[in-house]
Amino acid sequence: MEQGNLTGAIFLDFAKAFDTVDHGILLEKLKNSGIGDRTLTWFQSYVSDRSQYVSISGSSSLPLPVTCGVPQGSVLGPLLFTIFINDLPNVCKASTVHMYADDTVIYTSKPNLPQLEAVLQEQFTEVEKWIKNNKLFLNTDKTVTMLFGTAPKLHKLQNPHLCVGTISNGTLTTVTSLKYLGMWLDPNLSFGPHIEKLSSKLYPKLGALYRNKSCLSPAVRKQIVQQMLMPAIDYGDVVYAAAPQTHLHKLTTLYNSFCRFALQCNYMTHHCDMLKQLNWPSLESRRTLHLSSLVFKSISGKLPPYLNRLLPPAAPSSYNLRSRTSTLLAIPQYKKTVARSSFSYRAPQLWNNPQTPSNLPPVLSHSKFP
């Protein structure tokens with residue numbers, strides 16, 4: 001977006017992904033990854049000679065052999081599936097691939113829509129060949145595309161849709177909002193739909209709690225808010241924290257409702273008084289803390305390298321020889337507001353200029369940890 005490009009993404013949906021893993025192909029990939037013959041024999045024993053049956057009310061069906069797939073609910077199941085699809089990015093040389101278990105997205109950026117569609121079509125054709133060779137199946141109804149860009153850039157397009165065809169002569173559906181790894185994405189990355197969905201999910205839960213408030217002690221009400229409601233707001237807040245204040249204000253209003261439920265106070269009580277009584281930080285302070293913690297973990301090597309690469313150290317200055325300069329991060333020079341909302345801009349800016357919110361507990365108030 002900063003460079004004025006459009007970004008097209010294809011979100012793959014594998015049909016019964018864990019159940020369709022071919023054992024022969026899996027063992028071959030395990031061997032190619034460097035696993036020795038003795039360990040490979042153990043894995044062969046692990047996936048082979050399994051059977052399954054259905055049991056209802058004491059009655060059981062006849063067992064059927066399991067000829068493919070990895071055991072669901074096991075520790076090794078997701079790991080084996082990850083190894084199985086680990087070579088998928090090799091066929092996507094002109095795009096970027098992100099994979100989390102069976103959630104896979106392929107995306108690339110180009111100056112205009114025709115170039116973008118051409119690259120994505122070429123990449124998707126190669127992906128379909130890979131899927132066929134690995135005996136997997138793609139759910140084409142749920143495999144969708146999404147077009148990202150600034151609002152002015154998308155507004156100039158007569159038809160802001162991606163045209164990507166499939167082997168079966170169909171066309172992938174282009175969507176304007178999509179839930180990916182728990183986050184609702186929109187074409188402008190405003191995260192307005194995510195906040196709307198989050199609010200619409202939590203308000204009914206809060207209403208149900210209010211209807212049963214007479215059965216709950218103050219300590220229990222506070223614990224319910226902290227352990228059942230707040231995790232939903234905290235999830236992904238380092239991403240959606242860059243949303244416009246008009247969207248974030250909706251969550252602040254929701255948070256104040258949580259505080260009123262915990263304290264059972266009236267609507268005239270000021271939110272600052274409630275936060276002080278509960279000893280809770282504001283939502284803005286929570287988001288600042290979470291971002292600071294993420295930056296610390298990233299530069300400490302405790303997170304995947306692709307995050308650390310977004311936080312290069314600042315160049316040493318000849319005018320400032322203090323030891324603190326060694327911990328400063330480079331802040332990229334972005335012109336557009338949407339680019340300044342990115343992690344690569346907000347994270348180093350916060351790290352280099354830590355602030356101490358007045359309503360944040362002292363132990364959590366610093367962006368740099370010992």
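Computed from heavy atoms alone, side chains included, the values below leave out hydrogens, waters and symmetry copies.
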Quiz item: Please walk me through it: do R287 and L248 pass side chain to side chain contact (heavy atoms under 4.5 Å, CB included)?
Solution: CA-CA 11 Å; R287 291 192 289 262; L248 294 176; 4.1 Å; yes

Quiz item: Do the rings of Y255 and F258 sit parallel, tilted or perpendicular, given the 30° and 60° boundaries?
Solution: perpendicular

Exercise. Determine, step by step, whether V225 and M230 satisfy the side chain to side chain contact (heavy atoms under 4.5 Å, CB included) criterion, reporting the C-alpha distance in whole Å, the side-chain angles of both residues, the deciding distance to 0.1 Å, and the verdict.
Key: CA-CA 6 Å; V225 171; M230 286 311 300; 4.0 Å; yes

Quiz item: Any ion pair linking K142 and D13 (charged N to carboxylate O, less than 4.0 Å)?
Solution: no

Quiz item: With hydrophobic residues grouped by side-chain heavy-atom distances under 4.5 Å, do V295 and Y334 end up in a single group?
Solution: no

Exercise. Give the C-alpha distance, both sets of side-chain angles, the deciding distance and a yes or no for side chain to side chain contact (heavy atoms under 4.5 Å, CB included) between I233 and L283.
Key: CA-CA 9 Å; I233 292 183; L283 277 187; 3.9 Å; yes

Practice problem: Using a strict 4.0 Å threshold on nitrogen-to-oxygen distance, state whether E126 and K129 make a salt bridge. | Solution: yes

Exercise. Starting at CG of L206, measure out to CG of L229 and round the result to the nearest 0.5 Å.
Key: 6.5 Å

Quiz item: Does one hydrophobic cluster hold both L178 and V164, with members joined at side-chain heavy-atom distances below 4.5 Å?
Solution: no

Quiz item: To the nearest 0.5 Å, what is the distance between CG (L307) and NZ (K302)?
Solution: 15.0 Å

Quiz prompt | Under the side chain to side chain donor-acceptor pair (under 3.5 Å) test, residues paired with T125 that sit two or more places apart | solution = Q121

Quiz item: Crowded around Q277 CD? As in, over 12 foreign heavy atoms under 6.0 Å?
Solution: no

Quiz item: Is there a path of hydrophobic side-chain contacts, each under 4.5 Å between heavy atoms of I, L, V, M, F, W or Y residues, that connects L172 with V91?
Solution: yes

Practice problem: Run the salt-bridge test on K29 and D87 with the 4.0 Å N-O cut-off and return the result as yes or no. | Solution: yes

Exercise. Determine, using the 4.5 Å side-chain heavy-atom cutoff (strictly less than), whether V175 and L120 are members of one ILVMFWY cluster.
Key: no

Quiz item: What pairs meet the ring-ring contact (aromatic ring centres under 6.0 Å, His included) rule with one or both residues in residues 114-150, with sequence neighbours excluded?
Solution: none

Quiz prompt | Partner set under side chain to side chain donor-acceptor pair (under 3.5 Å) for S257, not counting sequence neighbours | solution = none

Self-check item: Straight-line distance of L251 CG to L198 CG, nearest 0.5 Å
Solution: 5.5 Å

Indicate every side-chain donor-acceptor pair of residues 93-102 with a distance under 3.5 Å to a residue at least two apart or in another chain.
unit_1 : atom_1 : unit_2 : atom_2 : d
K93    : NZ     : N90    : O      : 3.1
S95    : OG     : Q123   : OE1    : 2.9
H98    : NE2    : Y107   : OH     : 3.2

Quiz item: With sequence neighbours left out, what residues match Y267 under side chain to side chain contact (heavy atoms under 4.5 Å, CB included)?
Solution: R260

Quiz prompt | Where at least one partner belongs to residues 173-196, residue pairs that pass salt bridge (Lys or Arg N to Asp or Glu O under 4.0 Å), sequence neighbours excluded | solution = E196-K250

Quiz prompt | Atom NZ of K336 with >12 non-hydrogen neighbours under 6.0 angstrom | solution = yes

Practice problem: Dump the intermediate steps for side chain to side chain contact (heavy atoms under 4.5 Å, CB included) on D22 and C68, then the final yes or no. | Solution: CA-CA 5 Å; D22 183 89; C68 60; 5.5 Å; no

Quiz item: Going hydrophobic residue to hydrophobic residue with side-chain gaps under 4.5 angstrom, can you get from F18 over to V75?
Solution: no

Practice problem: Not counting sequence neighbours, which residues clear side chain to side chain donor-acceptor pair (under 3.5 Å) with S341? List them please. | Solution: none

Quiz item: Side chains of N256 and T253: is there a donor and an acceptor less than 3.5 Å apart?
Solution: no

Quiz item: Among all residues two or more places apart in sequence or in another chain, which pass the side chain to side chain contact (heavy atoms under 4.5 Å, CB included) test with T82?
Solution: none

Self-check item: Inter-residue atom distance H271.NE2 - W280.CH2, 0.5 Å rounding
Solution: 14.5 Å

Quiz item: Is it true that atom CD of Q72 has more than 12 heavy atoms of other residues, nucleotides or ligands lying nearer than 6.0 Å?
Solution: yes

Quiz item: H249: what forms a side chain to side chain donor-acceptor pair (under 3.5 Å) with it, not counting sequence neighbours?
Solution: none

Quiz prompt | Results of ring-ring contact (aromatic ring centres under 6.0 Å, His included) for F43 - residues two or more places apart only | solution = none

Exercise. Could you note down all residue pairs passing ring-ring contact (aromatic ring centres under 6.0 Å, His included) where residues 191-235 supplies at least one of them, sequence neighbours left out?
Key: H194-Y240, Y210-F261

Exercise. Measure the CG-CD distance between L6 and E117 for me, rounded to the nearest 0.5 Å.
Key: 10.0 Å

Exercise. Sequence neighbours left out, what passes ring-ring contact (aromatic ring centres under 6.0 Å, His included) with F11? Give chain and number order.
Key: Y180

Self-check item: Nearest-0.5 Å distance that lies between atom OG1 in T7 and atom CG in L147
Solution: 8.0 Å

